[in-house]
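For the numbers below, each heavy atom of this structure counts, side chains included, while hydrogens, waters and symmetry mates do not. First the proteins, then the strands, lettered A, B, ... as listed; each starts at 1.
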Amino acid sequence: MAMKRQIPFALVFIFGIFMLFQYFVPHESSEWVYEFLLDWIYIIGILALALGIWSLFRVSVDKIKTKKPNWVYSYVTLMGLFIMTVFGFTAKTGDSWGLYPVFVITFMLALFMLIQVLAKPASRNLYGLFGGAFLLAAVLIAILDRTWGFYFMEAKGLQNSMFRIFFDDVMMPILSTMFALLAFFIASAAYRAFRARNLLASLLLIAALIVMLRFNPYLPYAAYVAKVSNWLMNVPNLAGQRAIVIGIGLGIVATALKVILGIERGYMGKG
Amino acid sequence: MDFSTFLWTTFAVFVTLATFSFLYKDNPFYKFAEHLVVGVSAGYFVIILWYNGLVPNLFDRLKDGDWYLIWLNSSKPWYLIPAILGILMWTRFSKKYSWVSRWPMALYIGIATGVAIPLEMSNRVNKQLFATMTSIDWTNFFGHGHFNLLDTTSGLSQVIIFVGALSALIYFFFSKEHTGWFGGVANLGIWTLMIGFGASFGFTVMARISLFINRLQDIKAWGIEALDASPRANPNYGPGFLIVFWLFVAFVAGYIVYELVNYFRSRTVQS
Amino acid sequence: MDIFEKMMKLDRRWIFLFLIIVCVVTYAIPFKVPILVEPEVRSIYNFIDSLPPGDIILVAIDYDPNNLAELHPMTYALVEHAWRKKLRVIFTALSQNGPGMAEQAILDISDSLKQDRTFNGVHFKGREIKNGIDYTFLGYKPYYALVILGMGQNFRLPFPTDYYGTPLDSIPMMRGVLNYDQVAGVIDLSGGSITDAWISYGQGRFNFPLALGLTGVMTAQYYPYLGSGQVFGIMGGLLGAAEYEELADNPGRAKDGMRIQLYAHMVIILFIIMGNVGYFAERRRQKREEKGR
């Protein structure tokens, strides 16, 4: 029982108090321990993030297995994950790609069969057989084709042209466009919800209009509107946001203290 | 520009328009783009974590040891400890052994919370309070040099910031009922906050529209490249470019016509 | 159904279509919008302009492709300005999906430095920008708050190597550069909470000059830090980027996009007015109906 809860809470307390007091102790040994701990935390943190990737894989396979709504698209997610990982770990050794496209296709098919083995247990033998065959073909190509190779310790995969293409022409456009949709939603929200119902809403509306019109040269006294907007940002806005910042700071300190002292325990989970 | 680059930039525009099609309604093209980006981003994250995280911070430090002994005879074997702690985080998925993941998590949470307390207190609370309680510039109360109510550094502006910040902080104090003079000051606080939120809204509109403008700029850049790559404009380019371009335009136009036909058909059925 | 009721029940897809048409038509017509420069942007420009050649600045490209619309123009204008002034730049990319995008931007900007250009009447000869001499790209590490703290002790603590795997000790530019003490200032270009970490964990602990380049959504929230002197400048959104381009005499996507912003803002204001007109008309009708009863 102590191993499961008491010792972790004790660890939180010990390391929390140490880091808190370390801020006020400029001695060399305190700085040495601080750097040592930071160094360790980077490695622990990086390995912990792998949990997210495993979680994505599990959730997608589960979606296919239980045929949840839009389960077909989980194949797209998983193939996207695998193909990007393969591109990232491979690079050309010379000028040409040789049989690299064939390798990628056979390896992707092998991984597809793996998904099918996990998601469709009834036919796992058949998928396993095909998966094994594709994997064998991929391994043979990887061994025999010397025009490209796997790189795990050198960052050559980052320069793989297909890796860069998938980043520039798949990830970047879709991510940018997902957020660009918000332009339309804000226009729709402005039309449907932004009402001057009372004094507070009217104040909000007037402040918003002044800020939105600050760079409009067609207005009469356009320079004056810009000055009013600048004053609005640097005086009343600053005052209100300052109160929020102070409130957030006090909240963070209070929560952090509660975590260190063991009053807040939700992060450990149940059991 | 070579044909492969043009093909992929056309794909980029395709996924951009597929994502924008969500504005009309949810459809298979949008779902495909959405799921693709989730998978590709996860794959990208794996590669970045590996090359920028694990390799320099862990593997490079253990490199002088023998890998088949799991680097046990490296000159810095103590780096295996955070590696093991990080791997222990993966027990989170096990029902029986998930308590083991609490130990490395305790280390991380203790360090993060301990570090946060003095820094957040100093920067979010103390420095903001010091900045609010500055001495008022009575000699330049209405502006520096001449009467100017829009001078953001005048004594009047300082008074407004002080009163505004204090009243907004009082608004957030919910342990006392907001009645009488206390309620009046809290009211002033919420007015100050509303001006801040209005200013935020004004900036948010600009932010959201910017995202859409960027997509327009990218689509325009692709269009210019496409025209530049036509055999008529540049005899070095083959007919492949035009075929890809017009196939793409036909596909997009075809989908729009299909949706329009469905729309008018449904309206005819309704009437 | 009277006109006001129809207005209130308008399908939002007509609003989307109207906005698209206005933006596309405005984009097709070339015209310029005058840009008035705010003091908070001017202070960043003046800071970079005042640094002697050879000084090092840290540009934190801490944003994702989601936010590149507003922050990329800032990056391009700022870094080109710094390199034309022969400053050396350390880049970080502490946002998860950002390193590839940051690398692409760095390579693009270094390409444009090869050309001779004139800015504000001063002629700059083109030059080759070399990795390891004119810039170092440190790349990405997770848990940005601890990375920012770690860099304050020693850049090599979170970043033993740069983005390409080269040990920092073998990079000519990084010799003698231990931590923020050897850096003239930090400009953080970010679309999320990484800015809070730079202010609290970076500037708060190590006291270096810090300026911010922010998305429009976040800008209003960071004015208190400008007021308290914790940051010396803020570039807010596409307008902030356009103001920097104006100061640097280097028009780019930001200035190009401001003309669309102008008309898009007018359209949104029109929608707000229409919405309020419809709302008040509806309220008056309801009050009349209640009086009638």
So which part of C/Pro224 gets closer than 4.5 Å to some heavy atom of chain B, the side chain, the backbone, both or neither? both

Part of C/Leu238 lying under 4.5 Å from any heavy atom of chain B: both

What part of C/Leu157 is in contact with chain B, defined as an atom under 4.5 angstrom from a non-hydrogen atom: side chain, backbone, both or neither? backbone

side-chain contact (heavy atoms from CB on, under 4.5 Å) between B/Ile209 and C/Ile268, intermediate numbers included: CA-CA 10 Å; B/Ile209 303 287; C/Ile268 297 206; 3.9 Å; yes

Taking side chain as everything from C-beta outward and backbone as N, CA, C, O, which of these in C/Phe16 sits under 4.5 Å from a heavy atom of chain B? Side chain, backbone, both or neither. side chain

Please confirm whether the ring centroid of B/Tyr51 lies under 6.0 Å from the ring centroid of C/Tyr163. no

Please classify the contact between C/Pro158 and chain B as side chain, backbone, both or neither, with a heavy-atom cut-off of under 4.5 Å. backbone

Are the side chains of C/Gln203 and B/Lys127 in contact, using a 4.5 Å heavy-atom criterion? yes

For chain B, find which of C/Met218, C/Gln221, C/Arg205 contributes the most heavy-atom pairs closer than 4.5 angstrom. C/Arg205

Using side-chain heavy atoms (C-beta onward) and a distance below 4.5 Å, is C/Arg13 in contact with B/Leu23? no

Under-4.0 Å salt bridge between C/Arg253 and B/Asp218: yes

With only heavy atoms counted, which part of C/Asp11 is less than 4.5 Å from chain B, the side chain, the backbone, both or neither? neither

May I ask you to test the C/Leu149-B/Leu119 pair for a side-chain heavy-atom distance under 4.5 Å? yes

Highest number of heavy-atom pairs under 4.5 Å with chain C among B/Leu216, B/Asn57, B/Leu211 belongs to B/Asn57

Contact class of C/Gln96 relative to chain B, heavy atoms under 4.5 angstrom: both

Would a 4.5 Å heavy-atom cut-off, applied to side chains only, mark C/Val217 and B/Ser200 as touching? no

Chain B contact via C/Tyr225 - side chain, backbone, both or neither, heavy atoms under 4.5 Å: both

